[in-house]
Amino acid sequence: MVSANKEMAVYCFDALVAHYNSEQAPPPAFEEGQHPLFVTWKKVLNGGEPRLRGCIGTLEARHIINGFRDYALTSALRDRRFPPIQAKELPQLECTVSLLTDYETAANYLDWEIGKHGLIIEFTDPDINVRRSATYLPEVAAHEGWTKTEAIDSLMRKAGYNGIITESLRKRIRTTRYQSTLFSMHYNEYVTYVKTARGAAPTIAGVKPSS
């Protein structure tokens with residue numbers, strides 16, 4: 001099984017740097033494959049807790065080379081929850097790449113483990129009879145300190161449901177659980193990698209070089 005790795009995170013940084021420089025990204029240093037995948041960008045300021053700046057991916061299998069390139073840019077520039085990441089933010093960025101595996105239909109909305117499983121929920125909005133769905137990656141519930149019920153309720157809000165959440169509604173949710181492998185890399189680690197592998201630090205239009 002292919003696992004998320006350093007080279008995938010490097011390629012996502014490469015794709016973003018190439019975008020700011022209006023260039024083509026260098027070819028990736030990992031093998032092609034097909035997997036569902038996500039790219040998450042967080043911003044780390046003054047050693048504090050990383051703050052989410054963008055997270056978008058696909059629950060369907062995609063060719064991972066094009067997938068990581070596309071979602072590196074989509075999550076950085078077109079996550080509607082956040083303004084587009086600017087080139088000057090790069091030195092504060094951390095990139096996490098995730099490959100999703102082991103999709104299983106859960107017996108009910110509580111049939112999963114915090115810290116192990118990601119979730120996809122699907123349900124019908126009882127107020128307007130519209131199908132709604134949303135997902136959280138496996139690390140989200142543990143990071144937020146949620147119980148299973150709190151995670152499910154938050155997912156329902158993420159899916160766009162604004163009505164009253166009742167136990168009977170929770171029991172009607174179709175829950176799919178999955179697992180993932182992930183790899184996180186800070187921009188400073190990316191710079192070190194590029195210096196070692198390519199002989200010079202990356203240069204970004206409008207950004208001072210890292211020391």
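For D127, the CG atom sits in a packed shell: over 12 heavy atoms of surrounding residues, nucleotides or ligands are nearer than 6.0 Å. The number of heavy atoms from other shown groups lying within 6.0 Å of CZ (R80) does not exceed 12. The neighbour count for I128 CD1, taken as heavy atoms of other residues, nucleotides or ligands under 6.0 Å away, is above 12. Within a 6.0 Å sphere centred on CZ of R157, heavy atoms belonging to other residues, nucleotides or ligands number more than 12. Residue R78 qualifies as enclosed at atom CZ: its count of foreign heavy atoms under 6.0 Å is above 12. The number of heavy-atom neighbours closer than 6.0 Å to CD of E31, taken from other residues, nucleotides and ligands shown, is 12 or below. Taking a 6.0 Å sphere around NZ of K6, one finds it holds 12 or fewer heavy atoms contributed by other residues, nucleotides or ligands.
Of the possible donor and acceptor atoms, one in the side chain of E32 sits under 3.5 Å from a partner among the backbone N and O of I64. Remark: the backbone N or O of N188 is paired with a side-chain donor or acceptor of H186 at under 3.5 angstrom. Put simply, the side chain of H117 gets close to the backbone of E113: a donor and an acceptor are under 3.5 Å apart. A donor-acceptor pair under 3.5 Å is formed between the side chain of N108 and the backbone N or O of L110. Between the T40 side chain and the C55 main chain, no donor and acceptor come within less than 3.5 Å of each other. Listed for the D14 side chain is no donor-acceptor partner under 3.5 Å among the backbone atoms of P28.
Linking Ile, Leu, Val, Met, Phe, Trp and Tyr residues whenever their side-chain heavy atoms come within less than 4.5 Å leaves V44 and V10 in two separate clusters. Under the 4.5 Å side-chain heavy-atom criterion for grouping Ile, Leu, Val, Met, Phe, Trp and Tyr, F68 is connected to Y71 within one hydrophobic cluster. No chain of hydrophobic side-chain contacts below 4.5 Å, direct or via other Ile, Leu, Val, Met, Phe, Trp or Tyr residues, connects V140 to L182. There is a path of hydrophobic side-chain contacts, each under 4.5 Å, that joins L93 to F183. L100 and F30 are assigned to two separate hydrophobic clusters, defined by single-linkage of ILVMFWY side chains at heavy-atom distances under 4.5 Å.
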TODO: May I have the step-by-step check of side-chain contact (heavy atoms from CB on, under 4.5 Å) for I164 and L169, ending in yes or no?
DONE: CA-CA 9 Å; I164 297 171; L169 180 55; over 6 Å; no
Task: L90 and L16: CA distance, side-chain angles, deciding distance, side-chain contact (heavy atoms from CB on, under 4.5 Å) verdict - done: CA-CA 9 Å; L90 268 167; L16 192 55; 4.0 Å; yes
Task: side-chain hydrogen bond (donor to acceptor under 3.5 Å, both in side chains) evaluation trace for T147 with T149 - done: CA-CA 5 Å; T147 64; T149 301; 4.9 Å; no
Open item on the list: Before you tell me yes or no, could you show the steps for F13 and W41 under ring-ring contact (aromatic ring centres under 6.0 Å, His included), namely the whole-Å CA-CA distance, both residues' side-chain angles and the distance that decides it to 0.1 Å?
Closed with: CA-CA 10 Å; F13 270 115; W41 297 102; 5.1 Å; yes
TODO: Dump the intermediate steps for side-chain contact (heavy atoms from CB on, under 4.5 Å) on H63 and Q34, then the final yes or no.
DONE: CA-CA 4 Å; H63 289 289; Q34 291 194 45; 3.2 Å; yes
Task: W146/Y136 under ring-ring contact (aromatic ring centres under 6.0 Å, His included): CA gap, chis, key distance, verdict - done: CA-CA 12 Å; W146 289 331; Y136 277 144; 5.4 Å; yes
TODO: May I have the step-by-step check of side-chain contact (heavy atoms from CB on, under 4.5 Å) for Y178 and T135, ending in yes or no?
DONE: CA-CA 10 Å; Y178 59 86; T135 189; 2.8 Å; yes
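What you find for L52 and K42 is that their closest heavy atoms are CA-CG, 4.0 Å. Y11 approaches I65 most closely through the heavy-atom pair CE2-O, 3.3 Å. When all heavy atoms of R172 and P126 are compared, the closest pair comes out as NH2-CB, 4.4 Å. In terms of heavy atoms, Y103 sits closest to L59 at OH-O, 2.9 Å. What you find for P26 and R198 is that their closest heavy atoms are CG-NH1, 3.8 Å. The minimum heavy-atom distance linking Q92 with L45 is given by the pair CG-CD2, 3.7 Å.
In this structure, the separation between CD1 on I165 and CE on M156 is 5.0 Å, given to the nearest 0.5 Å. Considering OH of Y187 and OG1 of T192, their distance stands at 10.5 Å, rounded to 0.5 Å. Atom CD1 of I173 sits about 13.5 Å away from atom CD1 of I120, to the nearest 0.5 Å. In this structure, the separation between CD on Q179 and OG on S98 is 13.0 Å, given to the nearest 0.5 Å. How far CD of E94 is from CE of M185: 10.5 Å, rounded to the nearest 0.5 Å.
A salt bridge (charged side-chain N to carboxylate O under 4.0 Å, His left out) check over residues 58-73, counting only residues at least two apart or in different chains, returns the pairs R62-D70.
For Y109 and E167, the side-chain atoms include at least one donor-acceptor pair closer than 3.5 Å.
Checked for salt-bridge contact, D79 and R53 miss the test: no charged N lies under 4.0 Å from a carboxylate O. Electrostatic pairing of E104 and R177 counts as a salt bridge here, judged by a charged N lying under 4.0 Å from a carboxylate O.
When side chains are defined from C-beta on, N129 counts as touching T124, because their heavy atoms get closer than 4.5 Å. Contact check for L137 versus S180: no side-chain heavy atoms found under the 4.5 Å cut-off. Side-chain contact check for L119 versus I152: some heavy-atom pair is nearer than 4.5 Å. In this structure, the side chains of L37 and M8 stay at 4.5 Å or more apart for every pair of heavy atoms. The side-chain heavy atoms of L99 and S3, taken from C-beta on, include no pair separated by under 4.5 Å. Taking 4.5 Å as the limit, every side-chain heavy atom of L155 sits out of range of all side-chain heavy atoms of F123.
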